[in-house]
Number of protein chains: 2
Amino acid sequence: MNTNFDMQNFILDFSNSCQKQQKKIFSKNEVVTTYIKNRNQLCILLDGHADLVRYDLNGNRTIVEHFSKNALFGEVFYTITTNNELLVEAKSNCTVLFYIYDDIFHKCKNNCKFHQTLSENLPQLILNKVTDLNMRIELLTKRSTRDKLLGYFSLLSTRNLSKSFELPFSLTDLADYLSVDRSAMMRELKLLKEDGFIQKIGNRIILLYK
Amino acid sequence: MNTNFDMQNFILDFSNSCQKQQKKIFSKNEVVTTYIKNRNQLCILLDGHADLVRYDLNGNRTIVEHFSKNALFGEVFYTITTNNELLVEAKSNCTVLFYIYDDIFHKCKNNCKFHQTLSENLPQLILNKVTDLNMRIELLTKRSTRDKLLGYFSLLSTRNLSKSFELPFSLTDLADYLSVDRSAMMRELKLLKEDGFIQKIGNRIILLYK
DNA sequence: TATTTTCCGTTGCAAAAGCAACACATTATG
DNA sequence: CATAATGTGTTGCTTTTGCAACGGAAAATA
């Protein structure tokens, strides 16, 4: 199995070769899918950005996950226990492939090359998702808003191989992602600037500490 | 592939048939493993309970995950970015199988039945881990200590198919698991009792709401 | 381009959570 | 069995966070 499996090329080659999938295109702010118990949908984001969003009974909005190119999502990854609404919202124009997980799992009758390759590579793809989720948990378990912000910035910095990077969120969305109040986060952001930890120019953050 | 793959029976049948694994036994409070960058260890907990614990620079202790029988863990699931210490502590006597992930992935030279079955079932096993992590994220994104407690209790209640259940943690550990201050959590627990949401007898919680 | 909508930045005040400390109970351990 | 270590329950005080509200900037839309 290849750790560096190239999803994008693979998809381009095979995405039209199987009957058991649906390809759809969404424009910004459209709802890509809603999580429904027992349907076991699995989706692949071919292009664009989308967020998994939860609205709870207190009216709080939480960005549970942020998806970019090649991300996997769908209720197959989620045990839906509460009555909270879970939906995936397109943050830009998106191209999405839809499957029912069992179809991938059991392969389709045609035994097509697409399904074969995908099911071979599924463990690695899902494993990537696990490491993403663990990073998210590391962020969320930080005890203060300051540590959450610094933790998230440090993650983006590592990903971009630079102390300077663009935020992939609006500040409103960032607060919903870190699961904190927006105004409290703005206050902390201001303190981080005043204390010389960061610089912020438009949507760009520059880390000033070693 | 079988969703109800019986790990335990499988392990019992095959756990001695492959060279590329190590089986070890730990007693309570021993360190099962420490997460080390790039080693890509994968472990299976055959029996007992263990916690993945993180100690951060502020001296806070966080229980990142709680493992019971058949749980998968190891740094293969974790991108180690920070300098925080990550270790798995046995909470009771434990039996653990150790692998290097690549050995499972690429199958061992013998092409033994054990590896074959395990790699066939790995997607489903990892998928279970994903759903667990998503439940954990749902808990951690709750905004108040009260909601975290109620969320966790409701989860245990669902798992035990009963409004009454034992806590798998000491209260000290529960606070570290929910990522809140212990004394603040105790205060909230008291309020939940006073407000008639729960009853607590020893280590047992009884949910009193519909 | 005019107008509506969303986002940013800020603040005062209230509520929640964290910190530190302590007594007592329970559980391990020599 | 005595003693040490760990866990529980509580409280006063401080700090952090959340809530509500507002004006202006920026972006989307008609």
Side-chain angles (χ1 to χ4, degrees), chain A residues 27-30 51 53 56-63 89-93 139-151 166-195 198-205, chain B residues 27-30 51 53 56-63 89-93 139-151 166-195 198-205:
Chain A
S27 37
K28 192 173 170 174
N29 293 325
E30 276 191 283
D51 289 339
V53 177
D56 73 17
L57 305 169
N58 310 324
N60 286 315
R61 174 177 179 272
T62 304
I63 297 182
E89 294 172 352
K91 303 307 284 184
S92 66
N93 294 348
L139 264 192
L140 290 170
T141 51
K142 293 196 187 290
R143 304 303 174 94
S144 63
T145 302
R146 166 165 295 209
D147 283 350
K148 285 181 184 174
L149 282 169
L150 289 178
E166 298 279 332
L167 289 176
F169 285 125
S170 74
L171 294 178
T172 305
D173 283 358
L174 180 56
D176 289 344
Y177 184 71
L178 298 179
S179 202
V180 296
D181 177 74
R182 186 187 65 89
S183 70
M185 189 195 78
M186 295 298 283
R187 185 162 34 208
E188 202 52 47
L189 214 44
K190 197 168 112 187
L191 290 174
L192 282 173
K193 283 186 270 188
E194 284 172 14
D195 294 353
I198 63 163
Q199 207 182 330
K200 180 167 181 301
I201 302 163
N203 203 29
R204 177 166 291 275
I205 301 282
Chain B
S27 37
K28 192 173 170 173
N29 292 325
E30 275 192 284
D51 288 340
V53 176
D56 73 16
L57 305 168
N58 310 324
N60 285 316
R61 173 176 179 274
T62 303
I63 297 181
E89 294 171 352
K91 304 307 284 182
S92 66
N93 293 349
L139 263 195
L140 291 170
T141 50
K142 293 197 185 290
R143 304 303 173 97
S144 63
T145 301
R146 166 166 295 208
D147 283 350
K148 285 181 184 174
L149 282 168
L150 289 178
E166 298 279 331
L167 289 176
F169 286 125
S170 73
L171 295 177
T172 305
D173 283 358
L174 180 57
D176 289 344
Y177 183 71
L178 299 180
S179 202
V180 297
D181 177 74
R182 185 188 65 89
S183 70
M185 189 195 80
M186 295 297 285
R187 187 161 32 208
E188 201 53 48
L189 215 43
K190 197 169 108 185
L191 289 175
L192 282 174
K193 283 185 273 188
E194 285 172 13
D195 294 353
I198 63 165
Q199 205 181 333
K200 180 170 181 298
I201 302 163
N203 203 29
R204 176 165 292 275
I205 300 282

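In what follows, chains carry the letters A, B, and so on, assigned in the order in which the sequence lines appear, proteins first and then strands, with residues in each chain numbered from 1. The structure displayed is predicted, hence computed values, not measured ones.
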What is the distance from [atom1] of [X] to [atom2] of [N], rounded to the nearest Å?
X	N	atom1	atom2	result
Leu192(A)	dT10(C)	CG	P	13 Å
Arg182(A)	dC19(D)	CZ	P	12 Å
Lys142(B)	dG18(D)	NZ	C1'	18 Å
Arg187(A)	dT16(D)	CZ	C1'	8 Å
Lys28(B)	dA5(D)	NZ	P	16 Å
Lys193(A)	dT10(C)	NZ	C1'	11 Å
Glu188(B)	dG18(C)	CD	P	11 Å
Leu189(B)	dA16(C)	CG	C1'	16 Å

Side chain of [X] (C-beta onward), nearest among [options]:
X	options	result
Lys190(A)	dC19(C), dT10(C), dG18(C)	dT10(C)
Val180(B)	dG9(C), dG18(C), dT10(D)	dG18(C)
Ser144(B)	dT17(D), dA17(C), dT8(D)	dA17(C)
Thr172(A)	dT17(D), dC7(C), dT10(C)	dC7(C)

Less than 4.5 Å apart, side chain to side chain, heavy atoms only: is that true for [X] and [Y]?
X	Y	answer
Lys91(B)	Ile63(B)	no
Leu140(B)	Ser179(B)	yes
Leu149(A)	Leu174(A)	yes
Arg182(A)	Leu171(A)	no

At under 4.0 Å between heavy atoms, what does Lys148(B) touch on the DNA or RNA strands: base, sugar-phosphate, or nothing?
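Nothing, no nucleic acid heavy atom in range.
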Which residue lies more 5' along DNA chain D, comparing Asn60(A) with Phe169(B) via nearest heavy atoms:
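Here Phe169(B) is the residue nearer the 5' end.
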Tell whether Ser183(A) reaches the base of dC19(D) with its side chain through a donor-acceptor pair below 3.5 angstrom.
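For Ser183(A), whose side chain was compared with the base of dC19(D), there is a donor-acceptor pair (under 3.5 Å).
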If you apply the rule side chain to side chain contact (heavy atoms under 4.5 Å, CB included), what do you find for Asp51(B) with Tyr177(B), and how did you get there?
CA-CA 10 Å; Asp51(B) 288 340; Tyr177(B) 183 71; over 6 Å; no
